[in-house]
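One structure is given here, and the rest of the page talks about it.
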Amino acid sequence: MVDRTQPKHSAYVQAIRTLNQPLITTWPCLTEAMYLALTRGGWTMQKKLGHLLTDGLLSIYDIQSVDYVRLLQLMEKYRDLPMDLADATLVLAAENTRLTQIFTLDSDFLIYRIHGRQPFDIIDV
């Protein structure tokens, strides 16, 4: 979304504009994204990513302490992939919000299931 050198950058930006709602992520995912932004484009790219938050285009789903058990259950279930904490928080957010659409380049989301049954609706561009 913030790296114009990526082949599908324009397509993703256009797809996001058609959603008419903020994107939702989690702190672990934003942390990973900030690290990747730093390694690919330094502070300039990190700032662009940060502006998604300050401009209201991205909101953070708040993980609660009662969710920790579920996160560990998900990571154990998918340990053969393995599932990292960031991915587990996205599955948890989908379970708790009933949102099934996801923007991702991570093919593991083809395998993950919401509540162990429902596949994600991966927005493909």
- prompt: Just by modelled atom types, is the His115 backbone N or O under 3.5 Å from a matching donor or acceptor in the Glu95 side chain?
  reply: yes
query: Is there side-chain contact between Arg4 and Lys48, with heavy atoms separated by less than 4.5 Å?
result: yes
query: Any side-chain heavy atom of Leu105 sitting closer than 4.5 Å to one from Lys8?
result: no
task: Kindly determine whether Arg40 and Gln6 satisfy side-chain contact (heavy atoms from CB on, under 4.5 Å), including the steps that lead there.
output: CA-CA 11 Å; Arg40 293 189 62 86; Gln6 292 299 305; 2.6 Å; yes
[atom2] on [Y] to [atom1] on [X], rounded to 0.5 Å:
X: Lys77; Y: Leu72; atom1: NZ; atom2: CG; answer: 15.0 Å
X: Gln73; Y: Asp67; atom1: CD; atom2: CG; answer: 11.0 Å
X: Cys29; Y: Asp84; atom1: SG; atom2: CG; answer: 7.5 Å
X: Gln14; Y: Leu19; atom1: CD; atom2: CG; answer: 10.5 Å
X: Met45; Y: Met34; atom1: CE; atom2: CE; answer: 11.5 Å

task: Show your reasoning for whether side-chain contact (heavy atoms from CB on, under 4.5 Å) applies to His51 and Leu57.
output: CA-CA 8 Å; His51 278 290; Leu57 300 172; over 6 Å; no
message: According to ring pair (Phe, Tyr, Trp, His ring centres under 6.0 Å), does anything in residues 9-30 pair up with another residue at least two apart or in another chain? List the pairs.
response: Tyr12-Phe103
message: Taking Ile123 as the starting point, is it possible to reach Ile16 by hopping between hydrophobic residues whose side chains are less than 4.5 Å apart?
response: yes
message: Please determine whether residues Val13 and Val2 belong to a single hydrophobic cluster, defined as Ile, Leu, Val, Met, Phe, Trp and Tyr linked transitively by side-chain heavy-atom distances below 4.5 Å.
response: no
- request: Given side-chain contact (heavy atoms from CB on, under 4.5 Å), test Leu58 with Leu30 step by step and report yes or no.
  value: CA-CA 10 Å; Leu58 183 65; Leu30 186 62; 4.2 Å; yes
Side-chain H-bond candidate by donor/acceptor type, Thr5 with Asp3, under 3.5 Å: yes
field: Co-members of the apolar cluster containing Tyr61 [side chain, <4.5 Å]
entry: Ile24, Ile63, Tyr68, Leu71, Leu74, Met75, Tyr78, Leu81, Met83, Leu85, Leu90, Val91, Leu92, Leu99, Ile102, Phe109, Leu110, Ile111, Tyr112, Ile114, Phe120, Ile122
query: Should side-chain heavy atoms under 4.5 Å link Ile, Leu, Val, Met, Phe, Trp and Tyr, which residues sit in the same cluster as Trp43?
result: none
field: Taking every non-hydrogen atom, the tightest pair across Pro82 and Asp108
entry: O-OD2, 4.4 Å
- prompt: So which heavy atom on Ala86 is nearest to which on Pro28, and how close?
  reply: CA-CB, 3.8 Å
- request: Walk me through it: do Leu53 and Leu49 pass the test side-chain contact (heavy atoms from CB on, under 4.5 Å)?
  value: CA-CA 7 Å; Leu53 282 173; Leu49 186 57; over 6 Å; no
